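Worth saying up front: this structure is predicted, and the values here are computed from it rather than measured. No hydrogens, no waters, no symmetry mates; every other heavy atom, side chains included, goes into these values.
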Amino acid sequence: METTILKEMTKGGSKLSVGGGVEDVYGEDCATEDQSITPWTVSIASGYTLLRDPHHNKGLAFTEKERDIHYLRGLLPPAVISQELQEKKLLHTLRQYERPLQKYMALMDLQERNEKLFYKLLINNVEELLPFVYTPTVGEACQKFGSIFRHPQGLYISLKERGKILEVLKNWPKRTIQVIVVTDGERILGLGDLGCQGMGIPVGKLALYTALGGVRPSSCLPVTIDVGTNNEELLKEECYIGLRQKRATGQEYNELLHEFVCAVKQNYGEKVLIQFEDFANHNAFELLARYRSTHLVFNDDIQGTAAVVLAGIDAALKIVRGSLYEHTFLFHGAGEAGTGIAELIALQMSKQNKITLEEARKKIWLIDSKGLVVSERMESLQQFKKPWAHEHEPVKNLADAVKEIKPTVLIGCSGIGKTFTKEVIEAMASFNKNPVIFPLSNPTSQSECTPEEAYTWSKGCAIFASGSPFDPVEYNGKTLVPGQANNAYIFPGFGLGLVISGTIRVHDDMLLAASEALAGQVTEEDIRKGMIYPPISKIRKISAHIAANVAAKAYELGLATHLPQPENLLKFGESCMYSPLYRNYR
């Protein structure tokens, strides 16, 4: 029936194209918000089916006329209430829950029954609800995913589907997919291997693509690649929902991932973004290197984190002064995040100072589990660490490395909590007027230090940003607001920029463009308050600016396919953003 409907809708011309070239088959996005639309699914949704369709369900907000037209009489109580009142009631209910996981589950249930109300609630209350939709609460949700699992929210592709992944993709009901977030669950936040239960990450990330970046929910696809798990506790857990076997590696793993990436391109085309999420270090770097020249791929752990941290550093430089090259950086953690951030900082240094990338890298030092990354260790280092191996005597621990290197910026991405000790912070403060301290590891329990510790041990002088949210800190009668280097500042707007321009490849210059756009949203008033990131409450505006900057860079590099280029990319981006307001049904 769907094929017949599509033919009828396209007779006499091509399908309508909106939002950067996405086919708007049913005309929903081409209608103004005060125009009525038809609630198409496979056929026209009505009655009980309409109430069970999260894309079109409005609950008690269906008007009297809509209840008559769509056979809803008797299926709803007689009251008709507004979307605003629905939002108010739900927010009140959420605030009654004491545990974050309860709020997470309530929000996911809402998403499954009333999509527009879920996004309206999240958009209008983003500062309050973001920690419950994503980090830190999503970490606990993934740990307990088997126990709280109620309804599949994406595609599960396991070793059982080898040779049939294209068929599996075709089982997904939506055809015009723009963004896929995929994980294999091996390195979920700082919690390790959670196997198939890592699905909470793609689901949460895509909710933010829509709420914060305006990418339509119908064009988002969460995917988990299940190759087993090495987590013995999960393998013994009776509620575990994934394959009960050790992780596949080597050729078997690579062939499955290759089949997936190729099937995505075959089924959805060249302009679908594949975001790799929470893969183990060795696979994350290899996948990005293998496919970045042939597919539209992005790794938020490597590239997104780098862009948001670079933006925070650029803003911090307005306080500490000097260019990037005048500062020295020390990373505690040399995995995906650490080396990704370091590489983008070095790239920006090289462009700003017209020096080679190799020379810029000399201003950046990394520490891994074996100590300072130095040239003496070159033979034993993983490939992605070798560019950071500088000439220096071996140093075994962080405190000694801080005293030796004397960095102005200390960045933690080790996944190990409480490693920025009093000794470390006091050392940073001893040779820096305003030491820049970024403990980025997630979730909160894995943060290298808290803002209270950083401010107290630095005597209130630290410029602080963490990966997880923390409350403001009172210090010597002054309220200090810790920044959050949240990837949610970058990836939703970055993805929107790729979509509206029809970009076919991700280039490093686009990451710099995104970072510059974010840093540009930090006002002088923010700086006076000690804030190095803009308020998250302005995230939709921020995302639109990032999207415009990214799209402009894509057109400049010749990687955009939606031609001609819109005259005003900011206005065009804003016009393409998803609206969560209810529509009238005819």
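A donor-acceptor distance shorter than 3.5 angstrom exists from the side chain of Ser515 to the backbone of Ala311, with no hydrogens or angles considered. A side-chain donor-acceptor contact under 3.5 Å links Thr561 to the backbone of Gly502. Under a 3.5 Å cut-off, the side chain of Glu259 and the backbone N or O of Lys164 do form a donor-acceptor pair. In this structure, Asp301 contributes its side chain and Glu277 its backbone to no donor-acceptor pair below 3.5 Å. Looking only at distances, a side-chain donor or acceptor of Arg175 sits under 3.5 Å from a matching main-chain atom of Lys170. Of the possible polar contacts, none joining the Asn57 side chain to the Arg52 backbone as a donor-acceptor pair under 3.5 Å is found.
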Please tabulate, for side-chain N and O atoms in residues 141-152, each donor-acceptor pair with protein atoms closer than 3.5 Å (sequence neighbours left out).
residue: Lys144; atom: NZ; partner: Glu140; partner atom: OE2; Å: 2.8
residue: Arg150; atom: NH1; partner: Asp109; partner atom: OD1; Å: 3.4
residue: Arg150; atom: NH1; partner: Asp109; partner atom: OD2; Å: 2.5
residue: His151; atom: NE2; partner: Glu112; partner atom: OE1; Å: 3.2

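The pair Glu232-Lys246 meets the salt-bridge criterion, with a side-chain N (NZ, NE, NH1 or NH2) lying under 4.0 Å from an Asp/Glu carboxylate O. Looking at Arg247 and Asp184, a side-chain N of the basic residue comes within less than 4.0 Å of a carboxylate O on the acidic one, giving a salt bridge. A salt bridge between Arg162 and Glu252 is present, with a side-chain N of the basic residue lying under 4.0 Å from a carboxylate O of the acidic one. Taking the charged nitrogens against the carboxylate oxygens, Arg540 and Glu574 have no contact shorter than 4.0 Å, which rules out a salt bridge. In this structure, Lys58 does not pair ionically with Asp53, as no charged nitrogen and carboxylate oxygen lie closer than 4.0 Å. Classification of Lys120 and Glu115 as a salt-bridged pair fails, no side-chain N sitting under 4.0 Å from a carboxylate O.
Separating the SG atom in Cys220 from the CD atom in Gln275 is a distance of 10.5 Å, to the nearest 0.5 Å. In this structure, CD in Gln111 is found 8.0 Å from OG1 in Thr210, a value given to the nearest 0.5 Å. From Asp193, atom CG reaches atom CG of Leu191 across 11.0 Å, with rounding to the nearest 0.5 Å. Taking CG of Leu234 as the start and CD1 of Ile241 as the end, the distance is 10.0 Å to the nearest 0.5 Å. One distance of note links CD of Gln178 with CD1 of Ile500; it measures 11.0 Å at 0.5 Å rounding. Separating the CG atom in Asn231 from the NZ atom in Lys236 is a distance of 10.0 Å, to the nearest 0.5 Å.
Every pair passing ring pair (Phe, Tyr, Trp, His ring centres under 6.0 Å) that includes a residue from residues 183-236 is listed here, sequence neighbours excluded: Tyr209-Phe491. Within the structure, salt bridge (charged side-chain N to carboxylate O under 4.0 Å, His left out) pairs that include any residue of residues 378-388 comprise Asp368-Lys385 (at least two apart or interchain). The stretch residues 260-269 participates, sequence neighbours left out, in no side-chain hydrogen bond (donor to acceptor under 3.5 Å, both in side chains) pair at all.
Between Ile225 and Val227, some side-chain heavy-atom pair lies under the 4.5 Å cut-off. Considering only heavy atoms from C-beta on, Leu366 comes within 4.5 Å of Thr339 through its side chain. At a threshold of 4.5 Å between non-hydrogen side-chain atoms, the residues Val272 and His295 do not count as touching. Proximity of Phe260 to Ile180: side-chain heavy atoms (C-beta onward) are separated by under 4.5 Å at one or more points. Residues Phe276 and Val181 form no side-chain contact, since every pair of their non-hydrogen atoms from C-beta on lies 4.5 Å or further apart. At a threshold of 4.5 Å between non-hydrogen side-chain atoms, the residues Phe331 and Val373 do not count as touching. The shortest distance between side-chain heavy atoms of Tyr240 and Thr229 falls below 4.5 Å. Side-chain contact between Pro580 and Leu117 is absent, with no heavy atoms from C-beta onward closer than 4.5 Å.
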*asked:* The test is ring pair (Phe, Tyr, Trp, His ring centres under 6.0 Å); show your working for Tyr104 and Phe132 and say whether it passes.
replied: CA-CA 5 Å; Tyr104 172 89; Phe132 306 115; 9.6 Å; no
*Can Tyr489 and Leu212 be said to form a side chain to side chain contact (heavy atoms under 4.5 Å, CB included), step by step?*
CA-CA 8 Å; Tyr489 277 116; Leu212 313 186; over 6 Å; no
*Intermediate values then yes/no, side chain to side chain contact (heavy atoms under 4.5 Å, CB included), Arg187 and Leu194*: CA-CA 7 Å; Arg187 193 200 61 83; Leu194 297 183; over 6 Å; no
*asked:* For a side chain to side chain contact (heavy atoms under 4.5 Å, CB included) check, start with the C-alpha distance between Leu288 and Ile302, then their side-chain angles and the critical distance, and finish with the verdict.
replied: CA-CA 9 Å; Leu288 193 58; Ile302 299 172; 4.1 Å; yes
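For Met510 against Arg505, the heavy-atom pair with the smallest separation is CE-O, 3.3 Å. When all heavy atoms of Asp226 and Cys196 are compared, the closest pair comes out as OD2-CB, 3.6 Å. Heavy atoms only, all atoms of each residue included: Asn299 and Ala284 are closest at ND2-CB, 3.7 Å. The shortest heavy-atom contact between Ser158 and Leu243 is CB-CD1, 3.9 Å.
Ala211 pairs by the side-chain contact (heavy atoms from CB on, under 4.5 Å) definition with Tyr119, Leu122, Ile123, not counting sequence neighbours. For Thr294, the side-chain contact (heavy atoms from CB on, under 4.5 Å) partners two or more places apart in sequence, or in a different chain, are Tyr291.
Considering Leu559, Val297, Leu296 in turn, Leu296 is the only one that fulfils the side-chain contact (heavy atoms from CB on, under 4.5 Å) rule with Val506.
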